[in-house]
Amino acid sequence: MRHLDQDQLILLAFDEPDTPAAAEHVARCEQCRNELRGLEQLSTLLAESAQVRDLPAPPPQVWDAIAQHTGIMAQTAGGSAVDATASARTGRPARPSDNRPRNPDGASRPGTRRRLARLSVAAAVVAAMVTGALAGSWWNRQPVPPQPAVLAAADLAAYGQTPKTASGQAHLVQGHRLRLHVAGLPPVDGYYEVWLIDPDTMRMFSIGTVGGADSELAIPPNADLGAYRLVDVSAEHFDNNTAHSGDSLLRGLLA
Amino acid sequence: MSATATVWATPRKATPLVIRQRDDTAEVVADDLGARFAGGDESALRETYDRHGAAVLHLASRLLRNRADAEDITQAVFVSAWTSRASYDPGRGGLLGWLLTITRRRVIDMVRVQQRADRVEDAIAQQPEPPPVASAEHVIDQLVVADELARLPGDQRMMLELAFYDDLTHQQIADRTGVALGTVKSHIRRGMATIKRRWEVDGETSGSGPAHTAGV
């Protein structure tokens with residue numbers, strides 16, 4: 001039996017076969033039936049694709065943020081790069097994940113690209129950890145740029161009564177270090193301390209104090225980070241008491 | 001007779017035909033955009049965003065409940081795509097399919113981090129995990145196919161749109177447009193064949209497409 005060619009199958013998929021023999025053949029032939037099913041699947045998608053015509057473009061601040069993060073300054077829709085910073089920050093209520101490290105000026109600097117490379121690596125590594133599906137993906141065949149590998153990341157959200165303008169990010173990097181970025185913390189008469197907490201038991205240990213917007217803290221090599229995975233930033237006082245004050249400002253889970 | 005065939009066999013009452021003004025002499029929209037993007041042409045980033053930004057935002061919005069999160073994902077996808085542009089191979093698949101796969105991965109990451117944080121906070125409340133709003137695979141397929149259709153040469157695109165969007169039979173299309181029935185069928189066959197070929201290439205590399213069943 002001769003199989004149907006694609007033209008005949010397409011006409012069959014439209015229920016407009018050029019000969020009655022075509023439909024009869026499909027009834028007997030599994031290979032052609034599978035081909036036909038594929039075409040019918042495609043036809044369904046084409047009909048449904050009407051729903052995704054004329055989709056609304058993203059709001060302007062999305063492009064502004066892209067231009068800023070990639071250092072591409074030409075062809076912005078309107079407004080300068082500096083304006084883009086302001087418009088990207090305001091315009092909607094602050095949320096924990098709204099606050100990312102942003103440079104005060106939009107000019108491309110090496111620091112921007114290095115940080116971007118780190119975050120891209122972080123995203124890639126987190127994706128690999130979470131989905132396990134990167135192996136064999138052909139668009140990841142380029143070697144990772146030579147940076148300390150980011151093993152996990154946490155978005156730190158304002159905790160409890162802390163104003164929502166407080167935020168931070170933590171990155172666990174190779175070599176038992178935690179890189180921390182914080183912003184908008186309420187003033188404290190003492191200092192900010194960083195803890196790793198096991199959320200199942202609330203046991204914890206301190207890894208040091210926050211030095212500024214960006215700090216890098218050492219983690220004991222024998223710490224079980226599978227358990228102690230909640231990053232906590234607290235407000236502490238010079239009260240001769242090393243225990244956690246109970247006043248958590250930021251929390252986030254490493255993942 | 002297959003059940004799905006009745007979708008486009010239903011007769012419709014006559015409605016005024018509006019033919020979109022488009023340069024029908026153009027061949028398939030020249031697609032060196034992917035090559036320029038991979039090569040680091042900065043204007044290609046803006047063009048890619050203009051062409052596909054809405055689709056990326058649409059996929060993120062269908063999968064997440066929070067519009068602001070969807071916009072954040074959109075931004076992150078284009079930044080990440082640009083950073084890893086050297087690894088995109090235009091010969092292996094379409095630019096849109098590549099971007100949508102990045103989008104899906106980032107949405108999954110975000111959802112899982114949020115779910116873990118929620119579990120810590122709501123451990124006692126024992127809230128069940130919310131299901132994804134839509135199947136990512138299916139939305140990706142719709143977006144890729146819509147893009148392929150829009151980039152067909154004018155005659156093929158018009159005929160396929162009349163068949164699929166307006167639900168006309170081949171004969172009705174011939175009557176409506178004044179084009180001979182045989183020519184209508186020819187345009188539709190070529191258009192379908194082109195879309196099928198490209199959709200299959202995309203499906204092999206992005207993990208969606210005809211070889212895969214539904215599922216996030």
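Both backbone and side-chain heavy atoms feed into the values below; hydrogens, waters and symmetry mates do not. Naming: A, B, ... by sequence-line order, numbering from 1 per chain.
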Q) Given that the side chain runs from C-beta out, which part of B/K196 has a heavy atom under 4.5 Å from chain A: side chain, backbone, both or neither? A)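 Both parts, backbone and side chain.
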Q | Salt-bridge contact B/R151-B/E148 (side-chain N to carboxylate O under 4.0 Å) | A |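 Yes, B/R151 and B/E148 are salt-bridged.
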Q) Would B/R46 and B/D50 pass as an ion pair if we require N to O under 4.0 Å? A)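 A salt bridge is present here (some side-chain N lies under 4.0 Å from a carboxylate O).
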**Q.** Toward chain B, the part of A/I10 with a non-hydrogen atom under 4.5 Å
**A.**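 For A/I10, side-chain heavy atoms alone lie under 4.5 Å from chain B.
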Q | Which atoms of A/A23 approach chain B - backbone, side chain, both or neither, heavy atom under 4.5 Å | A |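 For A/A23, neither part sits under 4.5 Å from chain B.
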Q: Answer with yes or no whether the side chains of B/R190 and B/S186 bring together a donor and an acceptor at under 3.5 Å.
A: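 Result is yes, a qualifying pair exists.
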Q.
Run the side chain to side chain donor-acceptor pair (under 3.5 Å) test on A/Q68 and A/D64 for me, step by step, so that the C-alpha distance in whole Å, both residues' side-chain angles and the decisive distance to 0.1 Å come before the verdict.
A. CA-CA 6 Å; A/Q68 192 181 4; A/D64 292 340; over 6 Å; no
Q. Among A/L11, A/L254, A/D200, who wins on heavy-atom pairs under 4.5 Å with chain B?
A.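 Looking at each option in turn, the highest pair count goes to A/L11.
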